Amino acid sequence: MYSSRKICLPIMAILLACAASLAGAAEPGSFGYGSVATPAQIAGWDIDVRGEDGTGLPPGKGTVDRGAEVYAEQCAACHGTFGEGEGRFPKLVGGVGSLRDERPEPTVGSYWPFAPTLWDYINRAMPMQAPHTLSADDVYALTAYILNLNDLVSHEFVADRNSLPKVKMRNRDNFVWADPRPDTMAKPCMSDCVNAADVRISSTAEGRNLTPRTTGPLDTMQPK
Amino acid sequence: MGRRRFLGLGAALTGSLVIGGKPAVADTAQESPPADAPWSQSIGAGVADRPYGRPADTEASVIRRNVPWLTASAESSVSFSPLQDLHGIITPNGLFFERHHAGRPDIDPAQHKLMIHGLVERPLLLSMKDIMRFPSVSRIHFIECPANGGMNWRAAQMNSLQFSHGMVSCAEWTGVKLSTLLEEVGIKKQAKWAMVEGADGAHMNRSLPLDKCLDDCLVIYAQNGEALRPEQGYPLRLVVPGWEGNVNIKWLRRIKLGEKPWHTREETSKYTDLMPDGTSRGFTWLIDAKSVVTFPCPEKPLDGPGLYEIRGLAWTGNGKVKRVDVSMDGGVNWQTARLHEPVLSKALTKFTLPWRWDGRPALVASRVIDETGYVQPTIAQLRAQRGSNSVYHNNSIQTWQVKPDGSVFNVQLA
């Protein structure tokens, strides 16, 4: 290396200058890329609804009866006439009181903590083949109908931005919004960790015939 | 070399095969291997014969697979990475596991935009060209669906590494730090959460604490050196290192800052952990430390007694893998495996251990310890805390039963 300190220093100065200008990136708009989103653009994109208080719910309303009509046309093929589900598409009703059972059924009626989340999900993702195509009124109507199927609101209920946040969902108070993990405290034992005589196979996949063989050539799989 | 001369050479080569007397090509019936196989006595395909490239024809079984009965439709389903056939810590892009909620959208990047708004000083609409001008970073991280291993919560079900552990993959991601984009729009001080949303038919969205967004989240346009594949969120996705796959929003189109979480369908009705007492844990984003032996496994049985290399993968959302132990006797005794470089934060880590198999039955398992000191639990330890109605976050020790004929089965130990 024969590059002198005299040469190095100006290079360092340039690098430092660059670093200083990058540090300035903390100021909003310092890169200057993209365009500032206009209020109209934001309004067009802004579809989210907050579950807890319904912030973001749009104007509009829907009755249970109107919801039954929209449901029959748009939803029943997958979710069943009365929300009982078809095939492995989700059940929308039932399962109340089942959450401690061996086979719990988490549904809108048994599991969902917030009613506005139902409006938001239907609006953003349903019907599956043509999402985000229903009117706000029809989404309100569907929400009213599904809540009524679950005996959460009466037949006279009208869903709108004021009524939905007030619907008390059955599982509302049973969510812990914090993560208590780590919840296992295993120790890394190295030898004689358990009694060898106590090592017992409690379940095996052998012979259960659950492993698919139709989605590709599983020619290396042992046919056991 | 001129074209005429080249053609002449080709003719000479072809001719030599015909007039060279008895050809020394492979004869499968002979006892010793052939000195020269057909591929050694002919000229192969030219460059760019396969302009993108593809695996050897004989690797045709190395593919993603799905479980048809697991979900209602293939458009809202998952495909699993063939971990049994992969080597090292990087998942090839074509084999990275997929999870879609409304099918794979094929998006025109010229029309795709990212909007950042809400509690910001300067709401922005960014094109792909805009996003690619920001300072870029490349980092290696795994993504795991928290339902990976969910089928093993109640009992050992699938006799397959691919189906029991294939909802984890690892890649080098290139894009922009989310903190760079949020600093560019200017964060208002009331902002505590971000809502991230996809452009696919599900418009899937999740809430993320702002602290995590500013810590290590990445807005990604490239994976393992090439543009994202459509299955992985082309042209733009979020990568949230070490956190459950569902928050790594694909086809990212909108980020909104707010004061409180949104409690979306995906973080209330799904991706919550139902506990034995009927309560549910929400916001359990972290992927705990987990490991699995990838050889031997049900798809890769042993070929008679002798010396083998036990191989496996370990990972933790909490940082780096510190140690992996392997047991051949169902957890009575353990030996520490060798970790292979690089050992990266929130990335798959490869481990190996030599093993001389004597042909007797064995119960092979691995146990990871991460840099926080957390030890991978047994399924019994996990069930003691969470019961078996949960779907997500089964990071328990996986045991493979080796039978005397070398076949391997997915089992659980009492």
Side-chain angles (χ1 to χ4, degrees), chain A residues 25-26 28-29 31 33-37 41-42 45 48 50-52 87-89 99-100 104 111-114 117 121 124-125 131 174-177 179 181-184 186-188 190-194 196 199-206 208 210-212 215-217 219-222 224, chain B residues 61 63 65-68 71-72 102 115 117 121-126 130 133 155-160 183-186 195 201-203 254 262-263 265 268-269 274 278-284 298-299 301 330-334 369 374-375 377 381-382 385 389 407 409-414:
Chain A
F31 287 100
Y33 308 151
S35 56
V36 173
Q41 286 170 328
I42 293 172
W45 284 50
D48 58 89
R50 182 178 282 135
E52 192 170 6
R88 291 194 58 82
F89 285 103
L99 298 184
R100 286 185 237 183
Y111 198 72
W112 289 44
F114 303 112
T117 301
Y121 182 64
R124 70 174 54 243
N174 290 322
F175 280 83
V176 180
W177 299 109
D179 189 347
R181 293 178 299 165
D183 55 0
T184 56
K187 296 279 186 288
M190 293 305 286
S191 57
D192 297 323
C193 302
V194 291
V199 174
R200 185 174 61 81
I201 290 173
S202 56
S203 74
T204 174
E206 183 175 7
R208 300 198 74 176
L210 288 170
T211 315
T215 55
D219 46 357
T220 58
M221 189 87 70
Q222 292 297 289
K224 301 288 167 51
Chain B
S61 69
I63 53 171
R65 294 182 169 88
N66 68 317
V67 179
T71 53
M115 179 181 277
H117 70 118
E121 303 289 349
R122 187 172 172 268
L124 271 185
L125 204 47
L126 296 166
D130 296 329
R133 284 178 69 179
Q157 301 215 57
M158 310 288 264
N159 205 47
S160 157
E183 283 159 12
E184 175 71 1
V185 296
M195 192 276 324
H203 289 305
R254 194 161 68 100
W262 274 257
H263 294 118
R265 182 258 196 181
T268 53
S269 146
L274 180 56
T279 64
S280 292
R281 291 178 183 173
F283 299 158
T284 48
E299 292 96 330
V332 179
N333 300 293
W334 297 83
I369 304 168
Y374 175 87
V375 181
Q381 286 168 329
L382 209 51
Q385 293 298 317
N389 280 336
S407 59
F409 296 91
N410 175 14
V411 298
Q412 291 183 357
L413 304 181

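What you see is a predicted model, and the numbers here were worked out from it, not measured in a lab. Worth knowing before you read on, the calculation uses all heavy atoms, side chains too, and leaves out hydrogens, waters and symmetry mates. First the proteins, then the strands, lettered A, B, ... as listed; each starts at 1.
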### Query
Which heavy-atom pair separates Asn389(B) from Leu99(A) by the least distance, and what is that distance?
ND2-O, 4.3 Å
### Query
Below 4.5 Å, heavy atoms only, C-beta onward: do Glu206(A) and Asn159(B) meet side chain to side chain?
no
### Message
If we define contacts as heavy-atom pairs under 4.5 Å, which of Ile42(A), Val199(A), Asp183(A), Asp192(A) has the most with chain B?
### Response
Asp183(A)
### Query
CD/Glu299(B) to OG1/Thr211(A) distance, rounded to the nearest 0.5 angstrom?
8.5 Å
### Query
Can you tell which of Val332(B), Asn333(B), Val375(B) has the highest number of heavy-atom pairs within less than 4.5 Å of chain A?
Val332(B)
### Heavy-atom proximity to chain B below 4.5 Å, by part of Val194(A)
both
### Message
Only pairs of heavy atoms separated by less than 4.5 Å count here; which of Thr71(B), Ile369(B), Thr268(B), Thr279(B) has the most with chain A?
### Response
Thr268(B)
### Query
Closest heavy-atom contact between Arg208(A) and Ala155(B)?
NH1-CB, 3.7 Å
### Message
side chain to side chain contact (heavy atoms under 4.5 Å, CB included) for Arg265(B) and Arg124(A)? Distances and angles first, verdict last.
### Response
CA-CA 10 Å; Arg265(B) 182 258 196 181; Arg124(A) 70 174 54 243; over 6 Å; no
### Task
Apply side chain to side chain contact (heavy atoms under 4.5 Å, CB included) to the pair Val36(A) and Arg122(B), showing each step before the final yes or no.
CA-CA 7 Å; Val36(A) 173; Arg122(B) 187 172 172 268; 3.9 Å; yes
### Query
Is there a donor-acceptor contact under 3.5 Å from the side chain of Arg133(B) to the main chain of Phe31(A)?
no
### Query
So which of Ser191(A), Ala196(A), Ser202(A) has the biggest tally of heavy-atom pairs under 4.5 Å with chain B?
Ser202(A)
#### Entry: Close side-chain approach of Leu124(B) to Tyr33(A), heavy-atom, < 4.5 Å
no
### Message
Among Gln381(B), Arg254(B), Met195(B), His117(B), which residue has the highest count of heavy-atom pairs closer than 4.5 Å to chain A?
### Response
Arg254(B)
### Query
Just how far is it from atom NE2 of His263(B) to atom OG1 of Thr117(A), taken to the nearest 0.5 Å?
8.0 Å
#### Entry: Which portion of Phe283(B) sits near chain A, non-hydrogen atoms under 4.5 angstrom
both
### Query
Got Arg181(A) and Arg281(B) here, is their nearest side-chain heavy-atom distance under 4.5 Å?
yes
### Query
Checking heavy atoms, do the side chain of Phe89(A), its backbone, both or neither come under 4.5 Å from chain B?
both
### Query
How about Tyr111(A) and Ser280(B): does a side-chain donor come under 3.5 Å of a side-chain acceptor?
yes
### Shortest non-hydrogen contact from Ser203(A) toward Ala156(B)
OG-N, 2.9 Å
### Query
If you look at every heavy atom in Gly331(B) and Cys193(A), which pair is closest and at what distance?
O-CB, 3.4 Å
### Summary
What one should report as the nearest heavy-atom pair of Ala202(B) and Ala125(A) is O-CB, 3.7 Å
### Query
Does any heavy atom of chain B fall under 4.5 Å from the side chain of Trp45(A), the backbone, both, or neither of them?
both
### Proximal component of Gln385(B), with respect to chain A [non-hydrogen, under 4.5 Å]
side chain
#### Entry: chain B contact via Phe114(A) - side chain, backbone, both or neither, heavy atoms under 4.5 Å
side chain
### Query
Given side chains that start at C-beta, do those of Pro212(A) and Met158(B) come closer than 4.5 Å, heavy atoms only?
yes
